[in-house]
Protein chains: 2
Amino acid sequence: MGYYERHPKFLVAVDCIIFGVQDGSLKLLLIQRNFQPEMGRWSIMGGFTREGESVDDAARRVLVDLTGLDNVFIEQVKAYGRVDREPYDRVVSVAYYALMNVKDYDVSLGEKHNAHWVDIHELPELIFDHGEMIGDALRKIRQEASARPVAFNLLPPEFTLTQLQKVLEAIYDGKYDKRNFRKKVALLPYVEPTGRVDKSESKRGAALFRFNEKKFEKEREHKIF
Amino acid sequence: MGYYERHPKFLVAVDCIIFGVQDGSLKLLLIQRNFQPEMGRWSIMGGFTREGESVDDAARRVLVDLTGLDNVFIEQVKAYGRVDREPYDRVVSVAYYALMNVKDYDVSLGEKHNAHWVDIHELPELIFDHGEMIGDALRKIRQEASARPVAFNLLPPEFTLTQLQKVLEAIYDGKYDKRNFRKKVALLPYVEPTGRVDKSESKRGAALFRFNEKKFEKEREHKIF
DNA sequence: TCAAAAGTGTTAAGTTTACACCCATGA
DNA sequence: TCATGGGTGTAAACTTAACACTTTTGA
């Protein structure tokens, strides 16, 4: 006790960059602030870490507040520690990105916070260093999505191959060849057909698939070499 | 002013995971603590962020303290915010990795801090979550080193191709084919021969190369597509 | 003269890309 | 019956991986 007394303390914020896919493009859940400070301006959703609460838990709490969902996929982006990054007080902020299925989103909670899904190509001017955070989060997601199957978090539990392709195209802001894409997916044992058919997007109907996390973990174990 | 008054404040530490390559294997500069708390135990080098100092600057300061070098390559790993990660007080810590050429290291400063280069395969038990930090830093370096030329920071300004290969083998804990390796390097315009020869490691002598940062940046610009 | 590190090409295997048509169905 | 999205294979280009011998020179 008492070893650290002479050192200063700082506010520790969390900021959540919430991604979703809608109409084939990548969106962010941003708020047009209906509270001080910076009321009226656009920002990502944030909050302060509480006494007795881990920083990760603070991020999850902020997310539950805004979306009503407590099982959203989140991952830390990094910490932002510039001295003047907020003009009101010294705040060290830890950014997280979250991936969610837009369909799960609680519209009434969103309205309370004045939250809106904004296309990644049409971002408004944001407060503080929130623009930088979004750029870093995007880079990180792109990195991650090529190494592990995070994209599934943006989809409902059962999805068609066309939906999966559109999500990846939204993440990488590109277009892929349908046949090549399906050939690759066919090689992934952890993307498995459910046997069910989705008729909502075409007359013919498309096969539904699901992500099998257990099979994925098995894969990983054996891929150490 | 005053918007954030009701929120708690925390100590913000920085921890530096310092990598070097020696005898063809990857080493970390660890300290066997000669101060409290946790005197006598092994840890990575750290410190606390000061009033009016950015978190990045705090990391650089800690690094200068330990190595005497103010131009070491550093990059943030991530923030660690578990409630009980340190038993003495609530501390949020931001980890950084640093890459340096072991030859530049100031031995007398190191001795003052009781610092030692420890092989990555023979790590001692470390305090707090420092072991986790090292694992995360290693993963991050491996990721980065395959996307951008960070490995050069572990070498002297002029190096032989054998030295470069050994550094990459140390990072990825693997072995590469000499001919394939050299073919790949030959395609990188930003690894250029200096025309000089190193005779210290062989009788015949090996051509010396250097990393040309400007050429690398040019490459990048044109590689946006 | 010989030990020790430097240097050098070719071929096979695997991966990635480009490309166009038929299918099933509800409106 | 026809418009709409679903579904399927093959060949060329490119990339990666495997492999062994000759050169130089100081001790």
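Numbers restart at 1 for each chain; the letters A, B, ... are given by sequence-line order, proteins then strands.
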Quick check: are there more than 12 heavy atoms from other residues, nucleotides or ligands sitting under 6.0 Å from CD of A:Glu213?
no
Output the rounded distance in Å from OH (B:Tyr176) to P (D:dA18).
13 Å
Give the intermediate values and the outcome of ring-ring contact (aromatic ring centres under 6.0 Å, His included) for residues B:His130 and B:Trp42.
CA-CA 9 Å; B:His130 287 196; B:Trp42 288 92; over 10 Å; no
A:Lys178 NZ to C:dC19 P: how many Å, rounded?
16 Å
Starting from C1' on D:dC19, measure out to CZ on B:Phe181 and report it in whole angstrom.
18 Å
State which of D:dT25, C:dC19, C:dG9 makes the closest approach to the side chain of B:Lys199.
D:dT25
Return the value, rounded to whole Å, for the distance between atom CG of B:Leu164 and atom P of C:dG7.
13 Å
Under 4.0 Å from OP1 or OP2 of C:dA6: is there any side-chain N or O of B:Thr162 that close?
yes
How about NZ on B:Lys78, more than 12 heavy atoms from neighbouring residues, nucleotides or ligands closer than 6.0 Å, or not?
yes
What integer distance in Å separates A:Arg182:CZ from D:dG5:C1'?
9 Å
Whole angstrom value for the distance that separates P of C:dT25 from CD of A:Glu201
17 Å
When you check the phosphate oxygens OP1 and OP2 of C:dA20, does a side-chain N or O of A:Arg179 lie under 4.0 Å from one of them?
no
If you find the nucleotide of DNA chain D closest to A:Ala206 and the one closest to A:Lys183, which residue's nucleotide is nearer the 5' end?
A:Ala206
DNA chain C nearest-nucleotide lookup for A:Lys203 and B:Thr160: closer to the 5′ end is B:Thr160
For A:Arg142, look at atom CZ and say whether over 12 heavy atoms of other residues, nucleotides or ligands are found less than 6.0 Å away.
yes
Given that B:Asn180 and A:Arg204 both sit by DNA chain D, which one's nearest nucleotide is further toward the 5' end?
A:Arg204
Between C:dG9 atom P and B:Leu187 atom CG, what is the distance in whole Å?
14 Å
Can you tell me how far C1' of C:dG7 sits from CG of B:Asp177, to the nearest Å?
13 Å
Distance alone, cut at 3.5 Å: any donor-acceptor contact between the side chains of B:Ser25 and B:Asp119?
yes
